**Student:** 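First, the structure itself, so that you have it in front of you.
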Amino acid sequence: MSAYRDPELDGLGDEQGWDPEMRDLAHFLRASSRAYSHIEPSPQFRRDLRRRLMRAAWEQAARPPAPWYRRFLTPQPMAMAGAAIGAVLIVAVAFLSLGPQQHDNVNVAVHSPQQDAQNLAPAVTPIQLQFSTPMQTDSVQLQIQPATLITKDWDTQHRVLTITPVNGLSANTQYKVTVTSARTAQSQQVPVATIRPVVFSTGPMPTPTPSQGPRPTTPPSPILSPHDITSVASGSRVHWSIDGSSLYVISSTGTLEQVSLSGGTPQKLADGVSLAAVAPDGSSVAWLSGGQVTWKSTIVSNVQPIALGFRASGLLMASVADVETADQKRVAGFKETASAADFSSVGDHVAYLGASGLHLVDLATGRDTTIGPATGLGAWSSDGQHYAYPTSAGVSVANVVEGSSARLVDLAGVNGLSWSRGGQILLSAAGALYLVDYGSTGPATAVRLTTAQEGTFATPDWAPNGSGQFSFIRGSDVWVARVQGAAPGPPLITPVTPGVTQDDLVNSFMTARQRALTDQALSFLDAAGRDAFSHLSLVYTDPILARYYVLFSQPGRVVVRLVLTHGVVQTAVDETLGIQPDANNHQFIHSVTENPRQSFGTGPEVVHVVVTPAQVQVTFDSDLDPNSAVQGGAVAIKGVTTTATYDRSSRTVTLTVPGGLTGTTFDLSIGPSLVDLSQRPAVQYDLTFTG
Amino acid sequence: MSSLPPRGDEQALVERAKRDPNAFGELYDRYVLQIYRFVYSRVRDQTVAEDVTQEVFMKALKSVGRYQDTGKPFSAWLYQIAVNSVADRYRAARPVEDIDEQRDLAVSGPALEEVAAQRDELRRIWNVVETLPKQQKIAMVLKFQEDMKIEDIAAAMGKTPGAVKLLIHRGVTKVRQTLGPDQPYGAPAV
């Protein structure tokens, strides 16, 4: 019982005429004020939430105060002013009915196709502004942030303004185009404050991959070096390990095994298995055995899932009726009874077959979209935005966002599909193997790869490591082969990927964080790295990690800028990642220091720094005032005499060091004397690097 | 148990946070634990409790500029947000079922079992509390678990102090009726 009595409870007891037993019960209940005293949020949660709050507070404080009319419309002043307004309205109505109406100002709406797009390609030009009424072209003045040198061109109706950035747009950058003054063709002044600025972002620079170039389609690519791996259970699915070195198979006796492609004894994982799935980071496997799902230390009993999947927070199980988490909380329900299901790699969608055919379910919103007739399940594209599936006439591709579907190729009897990260789809039909380029110009064609003499091929599955290998079922065995000239696409990078570069490692780590794949992101960290990140946010939810770019990279050290957005409000944090190899010479992220970028976006920002033995090249997001770019101190290496040149086309300042930079630590400094074309000064920025 | 800070000190802090949201951090530090515990006691799930706690403080940060000091502790306002957020959470998750109708909340959760390992009686009583109508249960939790004053509970629940007293009275009466007579309430429980 509590050590002291509560006078308030005694008072309540007096009022309600409680007898001594009721009073004792009340005070006994009060002793349970300690029932949850041992419950505490995890320190990391407390720290993370505080950081999120402080970031939100900073953004809130940075926002301009609400206009007077908004403040006026808040409840208290509204109530106080209510009576007065009533009186004024009576007078005003009488006045307006007598006086002439003024039409000095007109409302003009501006729309841009860019603002509806997400992460435009950096090279995208031009930008279009569509005005709701013809304009006096000379009167329209614009401001673009970051500062960008542009040319302007009007259509003949004077309603569409085409803006062409002279030097293109900077990658990974949020742009804001504001109309600062405008008059209509009838010379009426437009209150520009009412015109919503056009805001859009550019994506990262595209990485050239084999899929970007022309692809060989004729003659058919031969199948290279097929070899038998092991026997498998009829109808079971084979899963690749992330590094492409082994396969997870369910044997004909129901044993889940990991079989190395290089031979050796298979590693037995479990018996009686009827379903399995590999986590996206390759670190774990989940399986169903005897009505029990096992995944790492998690065991879920008395379930009969038809598919297993993963998302950031853990395991997903699809049943005939719905999708649940490992603790059996319902994520989404199915409109129709499902006979088979297939999760996207990041676990944000699931495809299933119901009575009406294929359905796609958005697991964030629960929206179940009926796509239409399908003869089986198919394959997700690597970005999870499309789902290719077989129909009686061929293969169709469903668009997840639009909920629409379009025929890709005509080909009867398709019974297996696999979509490479390079955008090529392997199909099996009537024992033969076909290759289809998705996204190639012109109508897609299914190119036959195999002949009857080469045997029968079914259920092909690309290896995720970009090796061009694929598995397939022939008879009761799983085989592995290669497709010559295939475009398997970039491999899934993990720390154990052979020959992985530091930049690829960091990019893959950052992509996992951007896609909120916590487990996958954690797989890039060693023990010290995990400890370091325990104090920081690995995955951002609000604000979100909208973009990132590698500012600077030297062996063992990478500086990454994270751009965090909440709506159109953006802030930035620079993380310095230390990279260190483990005993097996696999590189892991070992340390991190974080440095919030103050006043991000208020002036020209550095987007990339390259250090060579005799030069330091600093690239900016804004078109710079050329004079300020080369003047002493604007961009400088502390204590080192340099000469600066500015290349307008790439927005790059190059510092040349006559004696060269060797073996020492240097400090690159950018000061406020550097200004952009709008004369906005750079916010102080410092970067330490070694020669 | 709530340990309320001096009112003057709290008022000054809230006023500072209204002018400068960056000062909100101190309010967060002061109240995060008790709000989290309250939310946890309602949802019995660490992940959900964290989500809801985050929601409570995010909402509080956005609205602190409009907070009006009515003489009640600032925590009463936070509890009000928390009560609504928990209700919203379950409304969004299961539109048909009420939080009180959910079996996993109506039976003893693992946390309570841990605590009650040596306090079976208390656990038995709180199991009964969990079956009470929602308003009675919230009033009981805020009074007995959070040790709040009736006036502050009224502020948090948007009711009059008299209505809160009635909810508590009915709740305690119902618990007693359910448990039956001659219960050992007087025995030391802690």
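All heavy atoms count here, side chains included; hydrogens, waters and symmetry mates do not. Please read all numbers here as calculations on a predicted model, not as lab measurements. A note on names: the letters A, B, ... follow the listed sequences, proteins ahead of strands, and every chain is numbered from 1.
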**Student:** Let me know if Tyr36(B) has heavy atoms under 4.5 Å from chain A in its side chain, its backbone, both or neither.
**Tutor:**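 Only the side chain of Tyr36(B) comes within 4.5 Å of chain A.
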**Student:** Do you know which of Val141(B), Val32(B), Ile150(B), Val129(B) has the most heavy-atom pairs with chain A at a distance under 4.5 angstrom?
**Tutor:**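 Among Val141(B), Val32(B), Ile150(B), Val129(B), the one with the most close pairs to chain A is Ile150(B).
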**Student:** Could you tell me whether the side chain of Val683(A) reaches within less than 4.5 Å of the side chain of Arg597(A), counting heavy atoms only?
**Tutor:**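 Contact flag for Arg597(A)/Val683(A) side chains = yes.
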**Student:** Kindly determine whether Arg176(B) and Asp24(A) satisfy salt bridge (Lys or Arg N to Asp or Glu O under 4.0 Å), including the steps that lead there.
**Tutor:** CA-CA 11 Å; Arg176(B) 187 195 183 191; Asp24(A) 279 344; over 6 Å; no
**Student:** Between Glu50(B) and Gln46(B), do the side chains contain a donor N or O and an acceptor N or O under 3.5 Å apart?
**Tutor:**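 Their side chains do contain a donor-acceptor pair, which is all the 3.5 Å distance test asks for.
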**Student:** So for Leu49(A), is it side chain, backbone, both, or neither that comes closer than 4.5 Å to the heavy atoms of chain B?
**Tutor:** both
**Student:** Quick one: are Phe45(A) and Thr53(B) in side-chain contact, heavy atoms under 4.5 Å?
**Tutor:**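 In contact.
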**Student:** Which bit of Thr173(B) is near chain A, if near means a heavy-atom gap under 4.5 Å: side chain, backbone, both or neither?
**Tutor:** both
**Student:** Looking at Arg330(A), is its backbone amide N or carbonyl O close enough to the side chain of Asp322(A) to form a donor-acceptor pair, meaning the two atoms are under 3.5 Å apart?
**Tutor:** no
**Student:** Could you look at Phe57(B) and say if it's the side chain, the backbone, both or neither that has a heavy atom under 4.5 Å from chain A?
**Tutor:** both
